[in-house]
Trainee: 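What follows is a single structure, and I will ask about it in a moment.
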Amino acid sequence: EDGTREERLKAVIRAKYEAALLKPYNYVKGYARLSRWMERNVSPESRQAILQPISVLRPKFRSIAQSLKDIDLVYVEEAFERLLLDYDRVFSAMGIPACLWRRTGEIYKANKGFADLVGIDVSKLRDGRLCIYELMSENSAVNYWEKYGHVAFDAQQKAVLTSCVLRYKPNLPALQSGALSANGTAAQKAALKRRHLNGDSTADGEETFINCCFSFTIRRDIWGIPSMIVGA
């Protein structure tokens, strides 16, 4: 067919959308999942601290989304999928732990370094099976949401450097089938050694915590809404 590659791609996307093969991502479910997690896992004070920035951001997201057609939101989702493919190559070449997630926290991709850092099989760290806040301590989750809230709509602020405490081998329902090999990898053993040096002694197989520094970068769609957050 005539037209540029981009025009042909849009035509294919529209055809799939009209055939009900593509649909916008349901972020309402993402916020409901976050709410359930907060009710079960954090104190009322932490819950309020997380809700504060979200209560400011959600009306902004909703206002922009309501001005768009469903097909526009499908294009946003298609752009997200393209970014996922791009980060396949980026993550495979990175020598440091890294993962990416949606603005509501669902993890969609991680490299082996990150999987080893948190003691979870990399296959579990995709397609939204786990959320980034589930892998953080309570205080770190609060810190992340507060910092994210400050920069979500600041186009001049793309990357944030901060620190956090990650959960190693977290006790989560999605992982009950077992995510680790019996012996663990060399990277997992090195991470465990670091925790012992920090005084966080733990029996093998038990959940513990690891202090780390990380940065997260916000990738925005053409309307300026955060669509992907990349942490490393």
Trainee: With the side chain counted from C-beta on, respond yes when F214 and L166 share a heavy-atom pair under 4.5 Å apart, and no when they do not.
Mentor: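 Answer no - side chains too far apart.
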Trainee: If you apply the rule side chain to side chain donor-acceptor pair (under 3.5 Å), what do you find for R102 with Y27, and how did you get there?
Mentor: CA-CA 9 Å; R102 291 183 183 271; Y27 282 100; 3.2 Å; yes
Trainee: Answer with yes or no whether the hydrophobic clustering places L85 together with V122; edges join I, L, V, M, F, W, Y residues whose side-chain heavy atoms lie under 4.5 Å apart.
Mentor: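 No, because L85 and V122 fall into different hydrophobic clusters, even though each may have its own neighbours under 4.5 Å.
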Trainee: Nearest 0.5 Å please: distance from the CD1 atom of I54 over to the CD atom of E146.
Mentor: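 I54 CD1 to E146 CD: 11.0 Å, rounded to 0.5 Å.
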Trainee: Is there side-chain contact between I210 and L117, with heavy atoms separated by less than 4.5 Å?
Mentor: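 When only atoms from C-beta onward are counted, L117 and I210 do touch, with a gap below 4.5 Å.
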Trainee: Tell me the closest heavy-atom pair linking S67 and I64, and the distance in Å.
Mentor: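 Answer, listing the atom of S67 first, then I64: OG-O, 2.5 Å.
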Trainee: Over all heavy atoms of both residues, which pair between A159 and T217 is shortest? Give the atoms and the distance, please.
Mentor: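 Residues A159 and T217, closest heavy atoms: CB-OG1, 3.7 Å.
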Trainee: Can you tell me how the ring of Y144 sits relative to the ring of W101, calling it parallel under 30°, perpendicular over 60° and tilted otherwise?
Mentor: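 Ring orientation of Y144 relative to W101: perpendicular.
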Trainee: To the nearest 0.5 Å, what is the distance between CZ (R167) and CD (E138)?
Mentor: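 Rounded to the nearest 0.5 Å, the CZ-CD separation comes out at 10.5 Å.
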Trainee: Do M38 and W145 have side chains that approach each other closer than 4.5 Å (heavy atoms only, starting at C-beta)?
Mentor: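 In short, these two side chains do not touch, never coming nearer than 4.5 Å.
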Trainee: Is there side-chain contact between R126 and I107, with at least one heavy-atom pair below 4.5 Å?
Mentor: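 No, every pair of side-chain atoms sits at 4.5 Å or beyond.
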Trainee: For N139 and S137, run side chain to side chain donor-acceptor pair (under 3.5 Å): C-alpha distance rounded to whole Å, both residues' side-chain angles, the deciding distance at 0.1 Å, then the answer.
Mentor: CA-CA 6 Å; N139 288 341; S137 69; 5.8 Å; no
Trainee: Do the non-hydrogen side-chain atoms of V230 and F91 ever get within less than 4.5 Å of each other?
Mentor: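 When only atoms from C-beta onward are counted, F91 and V230 do touch, with a gap below 4.5 Å.
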Trainee: Measure the shortest side-chain to side-chain distance between Y148 and L57 over non-hydrogen atoms and say whether it is less than 4.5 angstrom.
Mentor: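 SC-SC contact between Y148 and L57 confirmed.
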Trainee: Looking at G30 and Y133, what are the two nearest heavy atoms and their distance?
Mentor: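 Closest approach of G30 to Y133: O-OH, 4.4 Å.
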Trainee: List in chain and number order the residues that pass ring pair (Phe, Tyr, Trp, His ring centres under 6.0 Å) with F114, two or more places apart in sequence or in another chain; answer none if no residue qualifies.
Mentor: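 For F114, no residue satisfies ring pair (Phe, Tyr, Trp, His ring centres under 6.0 Å) once neighbours in sequence are set aside.
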Trainee: Name all pairs fulfilling the ring-ring contact (aromatic ring centres under 6.0 Å, His included) condition that reach into residues 42-70, sequence neighbours left out, sorted by first residue then second.
Mentor: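 Of all non-adjacent pairs touching residues 42-70, those that pass ring-ring contact (aromatic ring centres under 6.0 Å, His included) are F61-F153.
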Trainee: Which distance, rounded to the nearest 0.5 Å, do you find between the CD1 of I132 and the CG of L100?
Mentor: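 Those atoms lie 9.5 Å apart.
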Trainee: Using atom types as modelled and distance alone, determine if a side-chain donor or acceptor of D70 lies under 3.5 Å from a backbone N or O of P24.
Mentor: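 Between the backbone of P24 and the side chain of D70 there is no qualifying donor-acceptor contact (under 3.5 Å).
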Trainee: Can you check whether D88's main-chain N or O pairs, donor with acceptor, with S92's side chain at less than 3.5 Å?
Mentor: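 Flag set: sc S92 to bb D88 pair under 3.5 Å.
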Trainee: What's the shortest heavy-atom distance between A152 and P226, and which atoms?
Mentor: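 Minimum heavy-atom separation between A152 and P226: O-CG, 3.3 Å.
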Trainee: When rounded to the nearest 0.5 angstrom, what is the spacing between CG in L175 and CD1 in I120?
Mentor: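 If I round to the nearest 0.5 Å, the distance is 5.0 Å.
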Trainee: Check the hydrophobic clustering (I, L, V, M, F, W, Y; side-chain heavy atoms under 4.5 Å; chains of links allowed) and say if F80 and W223 are grouped together.
Mentor: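 Yes, it is one cluster - the side chains of F80 and W223 are joined through contacts under 4.5 Å.
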Trainee: Which atom pair, heavy atoms only, marks the closest approach of S46 to V142?
Mentor: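 In this case the closest contact between S46 and V142 is CB-CG2, 3.6 Å.
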Trainee: What distance separates N143 CG from S163 OG, expressed to the nearest 0.5 Å?
Mentor: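 Going from CG on N143 over to OG on S163, the span is 6.5 Å.
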Trainee: Take a 6.0 Å sphere around CZ of R33 and say whether it holds more than 12 heavy atoms from other residues, nucleotides or ligands.
Mentor: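 Atom CZ in R33 is packed in, count exceeds 12.
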Trainee: Taking 4.0 angstrom as the limit, do R82 and D86 come out as a salt bridge?
Mentor: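 Here R82 does not pair with D86 in a salt bridge, since their nearest N and O are not under 4.0 Å apart.
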Trainee: After noting the C-alpha distance and the side-chain angles of T104 and K29, does the key distance pass the side chain to side chain contact (heavy atoms under 4.5 Å, CB included) rule?
Mentor: CA-CA 9 Å; T104 39; K29 289 184 177 179; over 6 Å; no
Trainee: Measuring centre to centre across the rings, with the benzene-like ring taken for any Trp, is Y108 within less than 6.0 Å of Y87?
Mentor: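 They do not qualify: ring centres at least 6.0 Å apart.
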Trainee: Is the shortest side-chain N to carboxylate O distance from E134 to R129 below 4.0 Å?
Mentor: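 No.
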Trainee: Write down the atom of R219, the atom of L83, and the distance for their closest heavy-atom approach.
Mentor: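 Taking every non-hydrogen atom into account, NH2-CD2, 3.4 Å.
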Trainee: For residues L161 and M136: do they belong to one hydrophobic cluster (side chain heavy atoms under 4.5 Å, members Ile, Leu, Val, Met, Phe, Trp, Tyr)?
Mentor: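 L161 does not cluster with M136.
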Trainee: I'd like to check W37 versus V42 (side-chain heavy atoms, cut-off strictly below 4.5 Å). Are they in contact?
Mentor: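 A side-chain contact under 4.5 Å exists here.
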Trainee: Out of curiosity, R47 CZ to N41 CG, how far, rounded to the nearest 0.5 Å?
Mentor: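 Result: 12.0 Å between the selected atoms.
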Trainee: Does any non-hydrogen side-chain atom of L135 lie less than 4.5 Å from one of P170?
Mentor: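 Yes, close enough: below the 4.5 Å cut-off.
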Trainee: So, does S63 use its side chain to make a donor-acceptor pair with the main chain of K60 at under 3.5 Å?
Mentor: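 It does not hold such a pair.
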